[in-house]
Amino acid sequence: MGVVVQKFGGTSVADPERIREVADHVARTVKRGDQAVVVVSAMGKETDELLHLASQVSKTRPGREMDMLITAGERKATALLCMALHDLGVPADSFTGSQAGFLTDTNHMNAKILEVRADRIRAAVDAGRVPVVGGAQGVSTANDVTFLGRGGSDTTAVALAEALGGVCELYTDVPGVFTTDPRVVPVAQRMTRISFDEMLEMCAAGCPKPAMRAVEFARTHGVRLHVRSAFTWELGTWITEEESEMEDAIVSGIVGDDSEAKITITQVPDRPGVSARLFRAMASADVNVDMIVQNVSEQGFTDISFTLPADQLDNVRPICEQVAVEIGADQVLADPSIAKVSLVGAGMKTNPGVAATVFETLAANDINIEMISTSAIRISVVVAGDQCDRAVTVLHSAFGLDAA
Ligand code: ASP
Ligand code: MG
């Protein structure tokens, strides 16, 4: 018997029937003797709808009002789930983030948790009740309602698990973390376990779930995470300190991400301060630059390429053009349709030849590599956007990850 924080994502509570199913699962958790604490997201696509609504009403969309609006989605879901639990004879109380003791900074739309004063939640648990907490929300040091940002409910759940000394179950619409996206590669396999380091590399490489910030929080505070399905209710994937169970697997997972674009600046004068000038301009424009490649200098000139989120391309291009003029470079070329394919695995640290196998496999399949970057446990390559799925498929097979 212990505290289990169960977080249910938007699809898990999308309609009345789903809410009753979730209530049923929580009731079973309680019956088996665990102390359940529940965190819910807004129902279905409600967060998107509220954001859209705001954009139809207002041009300015002040942060304070946006947070009041968005957090209403989770608040609705908490009350409805509590009603469903009451129907099953399970005493349950809904809590907003503020009531649950989530103190945050004043950064609206993307607030950071400063402290979790979980006394009220602990008291509810001790009284044998199930607290149902609105995800992704808190109250700021200025006493205003705050939203923790997209995917923030995962963070709420992990923070509660750490405050209450429990484990954290993230219920979602997929049965766990897979060796790659099973919609792209049907023979992808569910992992039973993955290490925090590997999961974080996969998140950074573009794996959409779980939310990276929550995994980081969990690693920092040593909270064990279990990603699992709210549709099949089967056991999912544990994310823990230990390295992945498949000892001899060199690669644990492969992530394809086609959300980035590439900019190349040609004929850049090769002298100190030029890259600094360019990337300071990117930083000032809040551009999240990912891979950077600078070619060998020939006759005092070099090409610089970098990747960035594709949806920032239109804003960034004119900035690059201006910097190019200032530093005396030639052209700014933009490629909106690239894809980054990343292979992640702790086994890379001790096994040479992983990069060679990646390059040979892609070459054998006539897939051209445009950029390469690595970390101790990751290799990423940039390929043409329309070759992403094929690259993932052939690499998945080459590294022995296909299900038998
Ligand atoms: N509902 C919010 C979102 O979709 C927060 C969350 O559930 O994580 O981002
Ligand atoms: Mg793209």
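Order of listing sets the numbers, starting from 1, for every ligand and every atom in it. Each residue takes its place number in the sequence, starting with 1.
Note: an N/O pair closer than 3.5 Å links Gly151 and ligand 1 by distance alone. For ligand 1, the polar-atom distance check against Gly152 finds a nitrogen or oxygen pair separated by under 3.5 Å. Between Asp154 and ligand 1, no N or O atom pair is found at a separation short of 3.5 Å.
Around CG of Asp48, the count of heavy atoms belonging to other residues, nucleotides or ligands within 6.0 Å exceeds 12.
Closest to atom 5 (C) of ligand 1 among all protein heavy atoms lies Glu74 OE2, 3.5 Å. The protein non-hydrogen atom at the shortest distance from atom 7 (O) of ligand 1 is Ser41 OG, 2.6 Å.
The residues Arg317 and Glu321 are annotated as salt-bridged, a charged nitrogen and a carboxylate oxygen being separated by less than 4.0 angstrom. Classification of Arg117 and Asp119 as a salt-bridged pair fails, no side-chain N sitting under 4.0 Å from a carboxylate O.
Contacts with ligand 1 closer than 4.0 Å are made by no heavy atom of Glu46, backbone or side chain.
In summary, the aromatic rings of Tyr171 and Phe231 are positioned with their centroids too far apart to meet the 6.0 Å limit.
For ligand 1 and Ser153, the ligand atoms under 4.0 Å from any heavy atom of the residue are 5 (C), 6 (C), 7 (O), 8 (O). Those atoms of ligand 1 with a heavy atom of Arg150 less than 4.0 angstrom away are 3 (C), 4 (O), 9 (O). Listed by number with element, the atoms of ligand 1 under 4.0 Å from a non-hydrogen atom of Ala136 are 5 (C).
Using modelled atom types, one side-chain atom of Asp15 and one backbone atom of Glu17 make a donor-acceptor pair closer than 3.5 Å.
Aromatic ring orientation, Phe279 versus Phe306: perpendicular (interplanar angle above 60°, classes split at 30° and 60°).
In this structure the side chain of Ser195 never reaches within 4.5 angstrom of the side chain of Thr240, judged on heavy atoms.
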